[in-house]
Amino acid sequence: MKTDLDTLRAFFARAPFMADLGIEPTAGAEGRIDSALALQARHYQHTGQVHAGVMVTMADHSMGAAAQTLASEGFVVITAELSVRLLRAARGERLLCEARVTKPGRQISFTEADVWCQRGEERVHVLRAAATMALVATERLG
């Protein structure tokens, strides 16, 4: 997959849940994706903090997209295993995610992501994730 911003935006837009949440890529390179989310009331829990599911979804999809940039033609990336550490509550205006492939492979790739919550000029590290991504031939998805 190309890593130009238009291709990455189209990739994220094809995932209805990403489009619904409002998560968008902001930069990319082979094996790396940055994404952002402008937080709205619908992203928060009743406790006033961003729902963990929103942050985990952002990290998971961004890691998958990072792995997809290295996948061979005719293969898609799906999450096989996901590990998440919620570091602190997120309250702010935006979530920022940096995802990267730590070890690419032909059948599986290892990825990591960090999510920060931005409030004004302050960025707070709120989540660290790691995932094993499986590369599956599109012909086998039928």
Side-chain angles (χ1 to χ4, degrees), residues 1-45 47 49-142:
M1 178 170 75
K2 292 190 223 174
T3 59
D4 63 279
L5 206 46
D6 287 338
T7 300
L8 297 174
R9 284 181 180 142
F11 179 78
F12 272 64
R14 284 195 309 271
F17 192 42
M18 293 303 101
D20 184 56
L21 286 173
I23 298 169
E24 296 182 342
T26 57
E30 287 191 4
R32 294 191 64 85
I33 296 288
D34 293 347
S35 58
L37 171 63
L39 292 168
Q40 300 174 12
R42 66 191 176 109
H43 298 120
Y44 284 84
Q45 293 212 50
T47 58
Q49 64 194 35
V50 177
H51 195 289
V54 172
M55 296 186 295
V56 172
T57 297
M58 180 182 212
D60 177 46
H61 194 77
S62 297
M63 289 185 290
Q68 190 69 53
T69 67
L70 299 174
S72 297
E73 187 72 30
F75 284 82
V76 295
V77 172
I78 58 173
T79 305
E81 180 269 336
L82 177 64
S83 172
V84 176
R85 289 189 172 85
L86 299 163
L87 304 174
R88 59 188 50 86
R91 294 181 182 92
E93 294 96 37
R94 291 169 40 102
L95 291 180
L96 305 168
C97 179
E98 294 179 1
R100 61 215 161 268
V101 174
T102 57
K103 184 183 180 305
R106 288 177 296 145
Q107 294 182 322
I108 61 170
S109 289
F110 296 96
T111 61
E112 292 180 347
D114 291 288
V115 176
W116 287 269
C117 189
Q118 185 174 11
R119 184 186 317 188
E121 296 299 314
E122 179 186 29
R123 273 181 30 147
V124 177
H125 195 194
V126 294
L127 180 142
R128 163 70 55 99
T132 303
M133 299 293 174
L135 285 82
V136 179
T138 53
E139 65 194 31
R140 297 188 70 200
L141 294 176

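For the pair Ala52 and Gln45, the tightest heavy-atom approach, listed with the atom from each and the gap, is N-NE2, 4.3 Å. Across all their heavy atoms, His43 and Ala38 have their closest contact at CE1-O, 3.7 Å. Nearest heavy atoms, Arg119 versus Gly92: CB-CA, 4.0 Å. Of all non-hydrogen atoms in Gln68 and Val76, the two that sit nearest each other are OE1-CA, 3.5 Å. Contact between Ser62 and Met58 at its shortest, heavy atoms only, is OG-O, 2.8 Å. Across Ala13 and Ala19, no two heavy atoms sit closer than the pair O-CB, 4.3 Å.
The closest donor-acceptor contact from the side chain of Glu98 to the backbone of Asp114 lies at 3.5 Å or more, if one exists at all. Proximity of a side-chain donor or acceptor of Arg100 to a complementary backbone N or O of Ala66 within less than 3.5 Å is not detected. Under a 3.5 Å cut-off, the side chain of Thr69 and the backbone N or O of Met1 do not form any donor-acceptor pair. Checking side-chain atoms of Thr57 against main-chain N and O of Gly53 turns up a donor-acceptor pair under 3.5 Å. The main-chain N or O of Ala131 is found under 3.5 Å from a side-chain atom of Thr111 such that the two form a donor-acceptor pair. Side-chain N or O atoms of Thr102 include one that pairs as donor or acceptor with a backbone N or O of Phe110 at under 3.5 Å. Without hydrogens or angle criteria, Arg88 side chain to His125 main chain gives a donor-acceptor distance under 3.5 Å.
Within a 6.0 Å radius of CD in Glu30, other residues, nucleotides and ligands contribute 12 heavy atoms or fewer.
With contacts defined as side-chain heavy-atom distances shorter than 4.5 Å, the pair Val101/Arg32 does not qualify.
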Full working for side-chain contact (heavy atoms from CB on, under 4.5 Å) between Val126 and Leu87: CA-CA 5 Å; Val126 294; Leu87 304 174; 5.6 Å; no

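Note that NZ of Lys2 and CG of Leu8 are 11.0 Å apart. Values are rounded to the nearest 0.5 Å. A distance of 10.5 Å separates CG in Leu39 from CG in Leu21, rounded to the nearest 0.5 Å. Rounding to the nearest 0.5 Å gives a distance of 8.5 Å between CD of Glu73 and OG1 of Thr138. Taken to the nearest 0.5 Å, the CD atom of Glu24 stands 9.0 Å off from the CG atom of Leu5. Atom-to-atom distance recorded for Tyr44:OH and Arg42:CZ is 12.5 Å, nearest 0.5 angstrom. A distance of 14.0 Å separates CG in Asp60 from CE in Met55, rounded to the nearest 0.5 Å.
Using a 30° and 60° split on the angle between ring planes, Phe12 and His61 fall in the perpendicular class, above 60°.
Of the options Val84, Val50, Leu95, a side chain to side chain contact (heavy atoms under 4.5 Å, CB included) to Leu127 is made by Val84 and by none of the others.
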